Each structure stands twice: as C-alpha cells, then as structure tokens.
2 protein chains.
Amino acid sequence: MSTVRGARERARIEVTAAIKDEARKQLAAEGAAKLSLRAVARELGMASSAVYRYFPSRDELLTALIVDAYDSVGEAAEAAHRAAAAGTAGHLARWIAVTRAVRDWALARPHEYALIYGSPVPGYTAPQATVGPASRVGLVLIAVVADAHRTDGLALPPLADDLRAEAVRMVTEFAPGLPPEAAPPLIAAWAKLFGLISFEIFGQFHRVVEAREAFFREAVTEMARTVGLPADEKG
Amino acid sequence: MSTVRGARERARIEVTAAIKDEARKQLAAEGAAKLSLRAVARELGMASSAVYRYFPSRDELLTALIVDAYDSVGEAAEAAHRAAAAGTAGHLARWIAVTRAVRDWALARPHEYALIYGSPVPGYTAPQATVGPASRVGLVLIAVVADAHRTDGLALPPLADDLRAEAVRMVTEFAPGLPPEAAPPLIAAWAKLFGLISFEIFGQFHRVVEAREAFFREAVTEMARTVGLPADEKG
DNA sequence: CAAAAGCAAGAGCACTGCTCTCGTTGTTGG
DNA sequence: CCAACAACGAGAGCAGTGCTCTTGCTTTTG
C-alpha cells in the first residue's frame, strides 16, 4: 500500500513535506496572505518553477495545508477524547476535555486555525478534499454525546415542529442512534464552540475577557447542558 | 462642523467614497485576497499612484472598509432593536430580531462579513480605529438584556467562584446596572452568535444544516435562555 | 540499452504594492 | 490681486509575485 518504490518517489515525498513545512513556517511568521511560493522555494534553495512540480498552484499548496490542519485539530480532539474516555472521567468531563483540546490547539497555532476557521482564502467554496477532515472535531463531539446517551441518557427539550424533519435527517446522516432532539443543539454547540475560540484567537476578546480559561470552561459547561449532558461532579 | 470648505475638499470626499465603493465591488466579486489598488484605480480611470493620495496603503483601504462594515452591521443591529423595542415585542422577540438582523446582514454581504469576522487580513492585530465600531453589535445585545433586567428580571444561575471578579469587572466596564451573573453568559452568547453565522457563511453547514432559518431561530432562542431572558409567548 | 517519463533551472510575461519626480491646479496670505 | 504654497494626477520605475514555457539532465521502465 504505502511501499516506497524507489529513490525518486522517496525524494518526492520528502520534498513535498519540506515544502509544506517551510510554508507552515511562513504561515506562522507572516500569515496566509503573505505566503509566497517563491519565498518558499528560495528558502529551500530551489527554483520557484520547481515547486510547481509538487503543487500545481499556490492555492493547492494552501489547500494541502488546510487539510493537514483539519487533520491535526481533529487528531487533537480525538486524542483528548481517548484519554478522557479511558479514565474515570464523566461525560461532562469528556466534553470539557475535548473542547479544551481544540482551544489549546488553536492557541498554539493561531495562523493554522485562521486558515481553516477564518475566511476561506482561495475561492469562496471549500475544496472537496477538505470536507472529510473538516468533520473530525464534530464527530468527536457526537461521540461524547452518544456515549452519554447510551449510559446515562440525555436531558433534552422537545423539538420545535419545523425542525423535526431536519433533526431526523441529521441523526440518520451523522449520528445514528442519537435521538432527533439531540441533533440541532449538538450541531449548534459545534458552531458556537468555534465562535468562542475564534473570538479569542482573532482578538475580539481583547480587553473584554481577561480570565480566558475560566470563561471558556463556564461557556462550554453551559453548552454541555444544552446538548443534554447530565451535570456530574468531576469537572 | 461638517461644512465643506471648497471644491477641493468636496472632490476629495467624493473620490474617497468612489474608491471605497469600487473596492467594495471588487471585494464582493473576488474576495479580500484579490482586492487590488491598481484594479480599483483602473476601473476609476485614474493612475494607480493617484489612489495613494487618498489611502496611504492597501491595508489602510482595507481598514477603512473594515470600519465601514462594522458600522454597517452595527447599524443594522441597532435598527432592528429600535424597531422591535418600539412595538409590543417582548424581550425574547427583541433578542431574536437583533440576532436575525445580524445574520441577514451577513448573508447579504458575505465578503464584508468575512472581512470583519474572518481571519484578520492585514497584520495580526486589529488597528485601533476598529475597536469602537466593532463593539456596536455587542452593545445592542447588552441593551436587550438590560431592558429585560429592568422590567422582568433575569433568570440566571449563580457565578462560579473563579469568575466572580471577572464578572464584576465586565459589568462595571461594559454593562453598568446589569448583575454580574449576566456578563459571562452574555459575552459568550455574543461570540457564539458569530460562531453560528460564520459556520453558515463560510460553508461549514453545507450538507449539514438545511433548514437554516429554523435552526438559527432555535439556536438563538436557546441562547436567549442562557443569558437569562424569560421565555415569553411572542417569538 | 534505448525510449519514456520525471525533474530542476532559467527566462519571461503579466500583475501587484509602492515610491519618486514632474507638471498642473486649487487655495490662501500678503 | 497675485504670488507662494499645498494638494493633486500622471508617468516611470523598482522589487516582488504567480505562473508558463523551454532547455537540458536523471531516473525509471519496456
């Protein structure tokens, strides 16, 4: 499957990785707007035209970085979920652990976060390659709530009439086994989570929220309630 | 105060507005990344160097557009608040009217929305000139809750210990007259609102949320509850 | 072992932001 | 009133960008 056939293919993998690494360095230093293919090539000691053997355009390079970033934050969320689920943590604690992992990831890589949850830079619609990796964090949040549903049950208000069909579609498509009432609040919580993180990362909380950690914990705890998670002792 | 002194000053105002209008057109057509000072000048029939008499750099032009956009969405929120407060609408209805006005504004001007609530494009920290206009939507949300507090009172859970001091600072700085318990949920709701809208505008809800209006209404109604607004009949 | 395919490099095109200079035009103080 | 001054528009020019094409070279493959 992933057997490397020869020196040429091996070199291609290494050069591709080197280009992405250097691009990430420039991303962290100057932001996505100033990321330049020529500068990447210059730093790598190769001609700018050679980079086009690996990425057909600057936007394709950015798309590759976007996919990697989605995978990275998704992996962070999944790791936090695994760690929390392996221990004695209750469902609320798992919810908090996952959301905090996403926030920590964002705080550590603000420019990569901006790349995936800020304005879509290249075109206006996200490339098809990004849709899979983009859903990983959402799937982890679903898993936390699904676990809680199986063991302790969920506390949820009834659905509004004009959302019933939508909610049924949502659970059959993304969260089989979950009651329809859980879907809209869960997806809303997913979006709200990134609202909280985006405002913090993009500076909207400057001089507004100072106790960031405590504020975030309280906000996601309240969100856990809205998705039906029963309050438990271990936070 | 705003008396126009002569033909020169009058012309300056008109040209400045024309440049911003043309820039907004390009923003809507191609996005902030491809906004070009030269193209703006070309479209206006002037030399590119002449534009620099009006905006010292491309980033300054973008900053002007950002300030205008903040003012525009703030004005939309304020207008919705005025209209709702003038009628017989209850506090929940006002909350929904304001949030819906913001969402409608964003749906009508996705690129301008991306300019202010997407990744900060120019540098990494927002210019000082943007902080005032940026707070207008938040102030409207505060006003809705403050009105409800005065007339019907708020239903709020007690504060966590490590958020008490922060909450007191928040109300004294931004919402005098509001109980401290209201501040953290209110600011969180402000951020969550833009999380919901951003996910819709930036395509994250593609194939996930179909009944957008109903979904948004339910989400902001739930948010109204978390900021202490009493549920009332007229929605 | 020769043909084919992948690769790096350089030149070049059209574009960008931005600066500088040089005439021109509107404003204003003596 | 008109001369000095400041604002202005246009053009040339610099350095940088994304991207393409051509030219040789190297690795893979039939």
Side-chain angles (χ1 to χ4, degrees), chain A residues 2-20 22-27 29-66 115 120-124 127, chain B residues 2-20 22-27 29-66 115 120-124 127:
Chain A
S2 66
T3 48
V4 178
R5 317 250 293 210
R8 188 151 251 177
E9 190 163 342
R10 182 187 306 269
R12 180 165 188 87
I13 292 171
E14 280 178 15
V15 174
T16 304
I19 292 173
K20 288 202 291 189
E22 178 58 36
R24 258 185 290 267
K25 269 174 61 179
Q26 293 195 16
L27 198 69
E30 297 277 5
K34 309 218 166 174
L35 182 116
S36 148
L37 260 184
R38 286 182 113 111
V40 169
R42 204 179 308 131
E43 211 67 23
L44 261 48
M46 62 201 298
S48 67
S49 56
V51 179
Y52 285 85
R53 297 270 171 196
Y54 299 88
F55 296 94
S57 75
R58 177 182 178 277
D59 282 0
E60 293 278 344
L61 210 203
L62 271 177
T63 301
L65 295 182
I66 288 172
L115 199 59
V121 232
Y124 186 58
Chain B
S2 66
T3 50
V4 178
R5 317 250 295 211
R8 188 153 251 174
E9 190 164 342
R10 183 187 307 267
R12 181 168 187 84
I13 292 171
E14 280 177 15
V15 174
T16 304
I19 292 173
K20 289 202 289 189
E22 178 58 35
R24 258 185 289 267
K25 269 173 62 179
Q26 293 196 15
L27 199 68
E30 297 275 7
K34 309 217 166 172
L35 178 103
S36 148
L37 259 184
R38 287 182 112 109
V40 169
R42 205 180 307 131
E43 212 67 21
L44 260 49
M46 62 199 301
S48 66
S49 57
V51 179
Y52 285 85
R53 299 273 176 198
Y54 299 87
F55 296 95
S57 75
R58 178 182 177 276
D59 282 0
E60 293 278 343
L61 211 203
L62 272 177
T63 300
L65 295 183
I66 287 172
L115 200 59
V121 231
Y124 186 58

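Naming: A, B, ... by sequence-line order, numbering from 1 per chain. Computed from a prediction, not measured in an experiment: that's the story for all the values here.
B:L35 contributes atom CG, which lies 10.0 Å from atom CD of B:E30 (distance to the nearest 0.5 angstrom). Note that the CG atom of B:L37 and the CD atom of B:E60 stand 11.0 Å from one another [nearest 0.5 Å]. The structure places CD of B:E22 at 11.5 Å from CE of B:M46, a figure rounded to the nearest 0.5 Å. Separation of atoms CD1 (B:I66) and CG (B:L115) is listed at 4.5 Å; rounding is to 0.5 Å.
In this structure, A:R10 atom CZ and C:dG6 atom C1' are separated by 17 Å, rounded to whole Å. Rounded to an integer number of Å, the gap from CD of A:E14 to P of C:dA8 is 12 Å. A straight line from CZ of A:R53 to C1' of D:dC25 spans 12 Å, rounded to a whole angstrom. Protein atom NZ of B:K34 is 13 Å distant from nucleotide atom P of C:dG17, rounded to whole Å. B:E30 places its CD atom 11 Å from the P atom of C:dT16, with the value rounded to the nearest Å. The distance from atom CD of B:E60 to atom C1' of C:dG17 is 14 Å, rounded to the nearest whole Å. Atom pair A:L62:CG and D:dC19:P shows a separation of 10 Å (rounding to whole Å applied).
Across all strands, B:L61 comes closer than 4.0 Å to no nucleic acid atom at all (heavy-atom distances). Among the atoms of the strands shown, only primed sugar atoms or phosphate atoms (P, OP1, OP2) are found under 4.0 Å from some heavy atom of A:Y54.
In terms of heavy atoms, B:A64 sits closest to B:K20 at CB-CD, 4.1 Å.
The side chain to side chain donor-acceptor pair (under 3.5 Å) contacts involving residues 39-48 of chain B comprise nothing, where partners must be two or more places apart or lie in separate chains.
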Report the C-alpha distance between A:E9 and A:R12 in whole Å, list the side-chain angles of each, state the deciding distance to 0.1 Å, and finish with yes or no for salt bridge (Lys or Arg N to Asp or Glu O under 4.0 Å). CA-CA 5 Å; A:E9 190 163 342; A:R12 180 165 188 87; over 6 Å; no

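Annotation: proximity of residues 36-49 of chain A to DNA chain C (heavy atom, distance under 4.0 Å) is found for A:R38, A:M46, A:A47, A:S49, numbered in ascending order.
Contact annotation: A:R58 reaches the phosphate of D:dG18 (side-chain N/O to OP1 or OP2, under 4.0 Å). Residue B:R12 has a polar side-chain atom (N or O) positioned under 4.0 Å from OP1 or OP2 of D:dC8.
For the pair B:R8 and B:Y52, both in contact range of DNA chain C, the more 5′-proximal nearest nucleotide belongs to B:Y52.
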